[in-house]
Amino acid sequence: MKLRVLGCSGGIGGRDQRTTALLVDDDVLIDAGTGVGDLEFEELVRIDHIFVTHAHLDHIAMIPLLVDTVGEARSMPIVVHATAETLRILRSHIFNWLVWPDFSSIPDRHNPFLCFQEMRVDEVAKLGRGRFMKALPALHTVPAVAYQLSGEGGSLVFSGDTAYSEPLIAAINEIPDLRYLLVETAFPDALHDLALASRHLCPSLLALFLERIKSNPEVWITHLKPSRARTTLEEIAGYCGRFSPKALYNGLELTL
Ligand SMILES: Nc1ncnc2c1ncn2[C@@H]1O[C@@H]2COP(=O)(O)O[C@H]2[C@H]1O
């Protein structure tokens, strides 16, 4: 199994800054931020599942455009997996016929282009080909989850957007074969108060988070805010020696 980074920035600007989207093999997305827009039509049409961490725009922006682009060319609906709270937000505030048509009833209710599948924390979805996706608890300003992606080659955790979260740390520590930890750090320590208010990590909080991780995964940093990315990475390097975290980047492929 392969995971390709399509977008992992906390903002936009130029070719390298795309918001969060991770492509698993050729058919599953974790989040659907602006990075999805770089895929060719032939790649877009193969996406069967989207696992959404939370309803913030930078993580869902391309879902409406994707479904409108590929709907007619597909025989099955795209399945959007998320918690009940997140699905409620998407239905009420995006697919409400005002911001965007409700593609879960287009072309008709019995044969729609899009469908919604509720996922609870700790629930596991089977993706076929020996692949599994599990929702883990996360902590953000809106209801949010992290995801554990597992296959024959081990497991990967993507934190999504999260503040320091004991339940997430506990869930990560239960994974026996964790190979990769993709964890956010949005802000530098100088913006610690904003990190707390917006429920993100900054390097000192990341250090507390990583100190509690019992296994030894490769750690990749995601969701850096572009204007402060370099400072944030320098601070992370100062704090987190044991894991030598690296900045996630578009086009990176991780193999499981
Ligand atoms: N008080 C605030 N609470 C939440 N988000 C904020 C606040 N002030 C600024 N923001 C920004 O709004 C952004 C919303 O998406 P993010 O959570 O990625 O990051 C958040 C911050 O960059």
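Side-chain atoms are counted along with the backbone in the values below, which use heavy atoms only and exclude waters and symmetry mates. One-based numbering, in listed order, for ligands and for the atoms of each.
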- Query: Considering all heavy atoms of both residues, which atom of Phe95 and which atom of Pro101 are nearest to each other, and what is their separation?
  - Reply: CD2-O, 3.3 Å
- Task: Could you tell me whether atom 22 (O) of ligand 1 has a protein heavy atom closer than 4.0 Å?
- Result: yes
- Task: Please determine which of Val121, Val157, Asp122 meets the side chain to side chain contact (heavy atoms under 4.5 Å, CB included) test together with Lys134.
- Result: Asp122
- Task: Tell me, yes or no, whether the heavy-atom count around Leu194 atom CG, taken from other residues, nucleotides or ligands under 6.0 Å, exceeds 12.
- Result: yes
- Message: Quick check on Asp16: does its CG atom have over 12 non-hydrogen neighbours (other residues, nucleotides or ligands) under 6.0 Å away?
- Response: no
- Does any N or O atom in Lys225 lie less than 3.5 angstrom from one in ligand 1, N or O only? yes
- Note on the structure: Near Ser198 (heavy-atom distance under 4.0 Å), the atoms of ligand 1 are 3 (N), 4 (C), 5 (N), 6 (C)
- Message: Could you check whether atom 4 (C) of ligand 1 has a protein contact, counting only heavy atoms that fall below 4.0 angstrom?
- Response: yes
- Message: Test your reading of the structure: does His200 have an N or O sitting under 3.5 Å from an N or O of ligand 1?
- Response: yes
- Item | Evaluation steps, ring-ring contact (aromatic ring centres under 6.0 Å, His included), between His192 and His200 | CA-CA 9 Å; His192 178 267; His200 281 289; over 10 Å; no
- Are any non-hydrogen protein atoms located under 4.0 Å from atom 9 (C) of ligand 1? yes
- Item | Heavy atom of Arg199, distance to ligand 1 below 4.0 Å | no
- Item | Distance, nearest 0.5 Å, that separates CG of Asp189 from CG of Leu205 | 7.0 Å
